[in-house]
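Here is the structure we will look at, set down as structure tokens.
FYI, side chains are in, hydrogens and waters are out, and symmetry mates aren't considered; it's all heavy atoms of this structure. Values in this document were obtained by computation on a predicted structure and should not be read as measured data.
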Amino acid sequence: MMEGWLFVSPTLIGFLVFFLGPLLAVVYYSMTEWNLLTQQATFVGLRNFENALLENPDFWLVVRNSVIFAIGLVPLNMALALLLALALSRPFLGVVFFRTIFFAPVVTSAIAWAIVWKFMLQGEGGAVNQMLSWIGIDGPNWLRQPSWAMAAVIVTRVIKMVGLNMIIYIAALQSIPRDYEEAALLEGASRWQIFRMITWPMLAPTTLIIMVLTTIGSFKVFDHIYQMTGGGPENGTLVLAFYIYQQAFKFFNVGYASALALIMFVIVMILTLVQVMIRQRGAE
Amino acid sequence: MSRRQIQITYRLCWTLALLILAVPFVFPFLWMISGGFKSTTEIFGSPTLIPRVWRFENFAEVFTYQPFARQYFNSLYIAGAVTVLTLFIASLAGYALARIRFAGAGLLMLLLVTALMVPEEVTIIPNFFMVRWAGLVDTHWPLILLPTFGPQGVMATFLMRQFFLALPKELEDAGKMDGLSRFGVWWKIAIPMSRPALAAVAIITFLHSWNLFLEPLIFLSSLEKFTLPLALTNFNDSYGLPLWNLQLAATSLAVVPILVIYLIAQRQIMESFALSGVKG
């Protein structure tokens, strides 16, 4: 009995000090007006939430950007991951080579990846536009135009992270018994039918996990935005995690930033629960 | 065409498609290394993959522009410390949650699961004040403690628990018969048998710490305390514009060793990440 608690005590103490305590503190902070420079925290109740939800137009812009980011990233990431996994789940000559390549960006730091892509996406002399010019396309200055900047960050982020989902899908595909598929083949099922009727349903739990993880990951994106666009141009890539960082550590609006952090927490929780519920209904 | 020919054509088309798809995954690395050797004028001239003039000086300049060797060492020792600490703490707790029956274990599991769901951005603000209150701003302590006890540490705990659940119980019983304490059983029997799990946890923990950015950005202010990702963003001229050749040279220096290790141990590394994605 005591032994158990003794074993978990470091984890428990860390949990209380670095997680539960701060979580309660952030709830309190969110109800204060607190400027770091004046060092004075005044209790203002739900004022910060009111400000975010009703008054400050920045907030809805930021939420909109985060939603656009997620809607752009999640389906692209998952579809590409599944496609790659289907292509690379069976052994063939070169399979290890391809898996290694598609996974390599995952182990690379996001900052390094963002630095190189920012370099490649420059308007003039950037490698991407140079290649586009070979086929007669005059590329834009990607990171300087709001609509292109968002697309560019999404695509570079997908290339960085898709390998992770690919690997998870490959593991799931390899655990599907081959008998089902062979039986279906004998009965004359097409490849598409096999995928539709056997593979896809059997991947459902994995798809759910990947969907949850990828959506949460997309709401947490920070490094890429920081390095590639800094939230610009014209706030076109100002997403929630970056905005919270800015408000807290650049403008020192601690109370407001804490309120935003709590809103982010709620969004992530709701997303997780909704996705789990949708899946459960689908499975019935 | 015969059936075999169709199959070969099919295979070739797939391989070709994969090769084309691989370009945006591989090219950035090549372009990064190539850019690191170029002069500023060549970087902005019409680009070629092989530099016309190889400027090895860039790599020397990286170390004089800021204390890059020191920053490299910082990243290395911090990631090492986080890894060792996480392995120890997570395997202790993971073992207890898998093997010891104690009141409150279920509740503790539930609490830890919620911790996995909460983004670091939510707790970073109060954590910042706590670190400041403790006088640890601009030290490496928060970079070691926060990842160890944060969501990454919790995930390590769950991975270890999952592995310990699958260990045969008989071995432990034999250990107990020989008079080992609980701690002895954990240290002398469970830990040596869980090498694959420990390796997996070590790999993802090390890489997580090595690539960490938000925490160093918030907590560190002096150059010689920077970690690599933070140092990489710091190769700018006095107008704040990037010194591309130095930045790319430094990025190569930071990325290539990790890539080499990855190429050597790619199977193990990919498996570790797959495990964390499925069970975390």
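- Arg11(B) touches chain A through its side chain: at least one heavy atom from C-beta onward sits under 4.5 Å away, while N, CA, C and O do not.
- The parts of Ala115(B) that come within reach of chain A are both its backbone and its side chain, each placing non-hydrogen atoms under 4.5 angstrom from that chain.
- For Leu21(B), the parts lying under 4.5 angstrom from a heavy atom of chain A are both the backbone and the side chain.
- Of the two parts of Ile204(B), neither the backbone nor the side chain holds a non-hydrogen atom closer than 4.5 Å to a non-hydrogen atom of chain A.
- Of the two parts of Phe249(A), only the side chain, counted from C-beta on, holds a non-hydrogen atom closer than 4.5 Å to a non-hydrogen atom of chain B.
- For Phe119(A), the parts lying under 4.5 angstrom from a heavy atom of chain B are both the backbone and the side chain.
- For Ile258(B), the part lying under 4.5 angstrom from a heavy atom of chain A is the side chain only.
- Ile167(A) touches chain B through backbone and side chain together, each having a heavy atom under 4.5 Å away.
- Aromatic ring pairs are classed by plane angle as parallel below 30°, tilted from 30° to 60° and perpendicular above 60°; the pair Trp5(A) and Phe102(B) is perpendicular.
- For Thr15(B), the parts lying near chain A are the backbone and the side chain together; criterion is any non-hydrogen pair under 4.5 Å.
- Comparing Ala254(B), Gly153(B), Pro151(B), Ala96(B) by heavy-atom pairs within less than 4.5 Å of chain A, the highest count is held by Ala96(B).
- For a residue to count as touching a neighbouring chain, one of its non-hydrogen atoms must lie under 4.5 Å from one of that chain's; by this rule Phe265(A) touches chain B with backbone and side chain alike.
- Residue Ile170(A): no heavy atom, backbone or side chain, is found under 4.5 Å from chain B.
- Only the side chain of Ile218(B) comes within contact range of chain A, with heavy atoms under 4.5 Å apart.
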*Walk me through it: do Phe129(B) and Val254(A) pass the test side chain to side chain contact (heavy atoms under 4.5 Å, CB included)?*
CA-CA 10 Å; Phe129(B) 288 111; Val254(A) 176; 3.6 Å; yes
*Working for side chain to side chain contact (heavy atoms under 4.5 Å, CB included), residues Phe103(A) and Phe273(B)*: CA-CA 10 Å; Phe103(A) 193 79; Phe273(B) 275 89; 3.7 Å; yes
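- Residue contact with chain A, scored on non-hydrogen atoms closer than 4.5 Å, involves the side chain of Leu248(B) exclusively.
- The aromatic rings of Phe29(B) and Trp113(A) sit tilted, their planes meeting at an angle between 30° and 60°.
- For the set Ile203(B), Ile89(B), Val26(B), Leu230(B), the count of heavy-atom pairs under 4.5 angstrom toward chain A peaks at Ile89(B).
- Considering only heavy-atom pairs separated by less than 4.5 Å from chain A, the leading option among Arg99(B), Met32(B), Arg182(B) is Arg182(B).
- In terms of heavy-atom pairs under 4.5 Å with chain B, the best-connected choice from Gly94(A), Ala104(A), Ser9(A) is Ala104(A).
- Contacts between Thr251(B) and chain A at a heavy-atom distance below 4.5 Å involve the side chain alone, from C-beta outward.
- Interface residue Leu111(B): backbone and side-chain heavy atoms are both found under 4.5 Å from chain A.
- Contact count versus chain B (heavy atoms, under 4.5 Å) is highest, among Ala261(A), Pro22(A), Ala87(A), Gly126(A), for Pro22(A).
- The residue among Thr114(B), Leu228(B), Leu263(B), Ile43(B) with the most heavy atom pairs within less than 4.5 Å of chain A is Ile43(B).
- Both the backbone and the side chain of Val122(B) come within contact range of chain A, with heavy atoms under 4.5 Å apart.
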*Could you give me the CA-CA distance, side-chain angles and deciding distance for Tyr226(A) and Phe213(B), then say whether side chain to side chain contact (heavy atoms under 4.5 Å, CB included) is met?*
CA-CA 10 Å; Tyr226(A) 179 92; Phe213(B) 182 67; 3.4 Å; yes
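- Only the side chain of Phe92(A) comes within less than 4.5 Å of a heavy atom of chain B; its backbone N, CA, C and O stay farther away.
- When the options Tyr95(B), Phe164(B), Trp187(B) are evaluated for a ring pair (Phe, Tyr, Trp, His ring centres under 6.0 Å) with Phe7(A), the one that passes is Tyr95(B).
- In this structure, no portion of Lys160(A) lies under 4.5 Å from any heavy atom of chain B.
- In this structure, the portion of Leu259(B) lying under 4.5 Å from any heavy atom of chain A is its side chain and not its backbone.
- Heavy atoms closer than 4.5 Å to chain B are found nowhere in Val128(A), neither backbone nor side chain.
- Taking a 6.0 Å sphere around CG of Leu93(A), one finds it holds 12 or fewer heavy atoms contributed by other residues, nucleotides or ligands.
- Counting heavy-atom pairs closer than 4.5 Å to chain A, the top residue among Leu217(B), Val154(B), Leu19(B) is Leu217(B).
- When heavy atoms are compared at a cutoff of 4.5 Å, Phe19(A) approaches chain B by way of both its backbone and its side chain.
- At a 4.5 Å heavy-atom cutoff, the contact between Leu214(B) and chain A is made by backbone and side-chain atoms alike.
- For the atom pair CZ (Phe149(B)) and CG (Leu12(A)), the distance works out to 10.5 Å, reported to the nearest 0.5 Å.
- For Leu20(A), no part sits under 4.5 Å from any heavy atom of chain B, backbone or side chain.
- Looking at Leu23(A), the atoms closer than 4.5 Å to chain B (heavy atoms on both sides) sit in the backbone and in the side chain alike.
- Residue Trp210(B): no heavy atom, backbone or side chain, is found under 4.5 Å from chain A.
- Contact of Val26(A) with chain B is made through backbone and side chain together, with heavy-atom distances under 4.5 Å.
- Of the listed residues (Gly150(B), Pro119(B), Pro28(B)), the one with the most heavy-atom contacts under 4.5 Å to chain A is Pro28(B).
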